[in-house]
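Heavy atoms only: backbone and side chains are in, while hydrogens, waters and symmetry mates are out. Keep in mind it's a predicted model, so treat the numbers as computed, not measured. Residue numbering restarts at 1 for every chain, and letters A, B, ... go by the order of the sequence lines.
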Protein chains: 2
Amino acid sequence: MEIDDRLHASGRRMTVQRRLVLEALQRARHHVTADDIATRVRARHPQIDPSTVYRNLEALEELGYVTHTHFDDRVTRWHRADAQRHGHLVCRSCGAEQEVPIGLLEPLARRLRDEHGFQADLAHSAIVGVCKACANVSSE
Amino acid sequence: MEIDDRLHASGRRMTVQRRLVLEALQRARHHVTADDIATRVRARHPQIDPSTVYRNLEALEELGYVTHTHFDDRVTRWHRADAQRHGHLVCRSCGAEQEVPIGLLEPLARRLRDEHGFQADLAHSAIVGVCKACANVSSE
DNA sequence: ACCACTATTGCGGCTCTTTGCGATAAGCAT
DNA sequence: ATGCTTATCGCAAAGAGCCGCAATAGTGGT
Ligand SMILES: [Mn+2]
Ligand SMILES: [Mn+2]
Ligand SMILES: [Zn+2]
Ligand SMILES: [Zn+2]
């Protein structure tokens, strides 16, 4: 089903602003901040308010078209929902980011489901820690 | 080793402001926001600036005396580092927060360490998902 | 007790994000 | 084409937090 149809089906409307946010997301490969999107959109259409971009990202998320992930210190990044799901490791020392297959996180998710009835979304927040490189440096 | 000594040892100084932040943290049982602390401190000492509270929490964190945790909102919560470590589950639907023993998260941490050399701090960010109660409601 | 050094403070200002509100404009019915 | 309903928008303001800077005040030495 097309995005437009899904918008209509949910009682939403297609606006210029929404289309622009959508297009910016298409072009952005991966993990962009709302501020990134706002900046790009406003480069050509300065009259569009940043808050409109934020609200549209939320709306598109409710439609299941985009998702967000939190990196260290709560920086929120957005990406299209049809991209391959994966986990994130972030080094608190050097800031390096690494992606890991979602399968790696599956055992924990299963345990949380079985033992606590909690359906965890382990890709929603990055896992913070110390990367291999930084661990080596500090142990010297 | 006393907090005062650790402060000295790291070339830091003990100030009235720092002592007040520390005391506020002692009194607060669990998970307080920087703004909470600032409000409490400023109730008696209005001349103390909120930014001083923020900076002191960071300083005390570098000393290993306090830590912070991220829940699903944009607010960071602080607590003493000597408290029992534990993981957090947050329901994205009803917002309920639940604590889980850190041991539950250990297997994943071990795997990340073994397979990626990554020392994960799985208590740093809450795990987001859907709690048992909300899952039942939506499946009816 | 006094000095010098510099960590820390209060303040002003700034960034990123969310929210309330009145104005605008999609989408539908006539 | 015209009007109506109400989703969405732009704007202003608030919330959370950070940062530069000049003034203040711990600390260690004399
Ligand atoms: Mn953090
Ligand atoms: Mn989130
Ligand atoms: Zn690193
Ligand atoms: Zn719930």
Problem set entry | Salt-bridge contact A:E106-A:R113 (side-chain N to carboxylate O under 4.0 Å) | yes
Problem set entry | Any donor-acceptor pair under 3.5 Å from B:N56 side chain to B:T52 backbone | yes
Exercise. In terms of side-chain geometry, is the basic nitrogen of A:D121 or A:R85 positioned less than 4.0 Å from the acidic oxygen of its partner?
Worked result: yes
For this session: Kindly state which residues belonging to residues 56-72 of chain B come within less than 4.0 angstrom of DNA chain D, counting heavy atoms of the residue only, listed by number.
Result: B:E58
For this session: Please collect all ring pair (Phe, Tyr, Trp, His ring centres under 6.0 Å) contacts where either partner lies in residues 39-63 of chain B, sequence neighbours excluded, each pair once.
Result: none
For this session: Could you tell me the separation between the CZ atom of B:R74 and the P atom of C:dT19, rounded to a whole number of Å?
Result: 9 Å
Problem set entry | Donor-acceptor contact present, side-chain A:R18 to main-chain A:R13, <3.5 Å | yes
Exercise. To the nearest Å, how far apart are B:R12 CZ and D:dG28 P?
Worked result: 15 Å
Exercise. Which whole-number value in Å describes the distance from A:H8 NE2 to D:dT8 C1'?
Worked result: 13 Å
For this session: May I have all residue pairs that pass ring pair (Phe, Tyr, Trp, His ring centres under 6.0 Å) and include part of residues 11-39 of chain A, sequence neighbours excluded?
Result: A:H30-A:H86, A:H31-A:F71, A:H31-A:H79, A:H31-A:H86, A:H31-A:H88
Exercise. Has B:Y54 got a side-chain N or O lying under 4.0 Å from the OP1 or OP2 atom of D:dG17?
Worked result: yes
Exercise. When the distance from CD of B:Q47 to C1' of D:dT24 is rounded to whole Å, what number comes out?
Worked result: 13 Å
Exercise. Just checking, is any N or O donor in the side chain of A:T76 or A:H70 under 3.5 Å from an acceptor N or O on the other one?
Worked result: yes
Exercise. Do B:E23 and B:R44 sit within salt-bridge range, that is, some charged N less than 4.0 Å from a carboxylate O?
Worked result: no
Problem set entry | Salt-bridge present (A:R74, B:D72; N to O < 4.0 Å) | yes
Seminar exercise, completed: A:D73 atom CG is separated from C:dT17 atom C1', nearest whole Å, by 15 Å
Exercise. Going by modelled atom types, is there a donor-acceptor pair between the base of D:dG10 and the side chain of A:R55 at under 3.5 Å?
Worked result: yes
Exercise. When you check the side-chain N and O atoms of B:T33 and B:D35, is any donor under 3.5 Å from an acceptor?
Worked result: no
Review item, nucleotides 12-14 of chain D N/O atoms under 3.5 Å of protein N/O:
none

Exercise. Listed in order of residue number, which residues of residues 13-46 of chain A have a non-hydrogen atom at under 4.0 Å from DNA chain C?
Worked result: A:R13, A:M14, A:D35
Seminar exercise, completed: Going by chain and number, the hydrophobic cluster around B:I127 (ILVMFWY, side chain to side chain under 4.5 Å) further includes A:L89, A:V100, A:I102, A:L104, A:L105, A:L108, A:L112, A:F118, A:L122, A:I127, B:L89, B:V100, B:I102, B:L104, B:L105, B:L108, B:L112, B:F118, B:L122
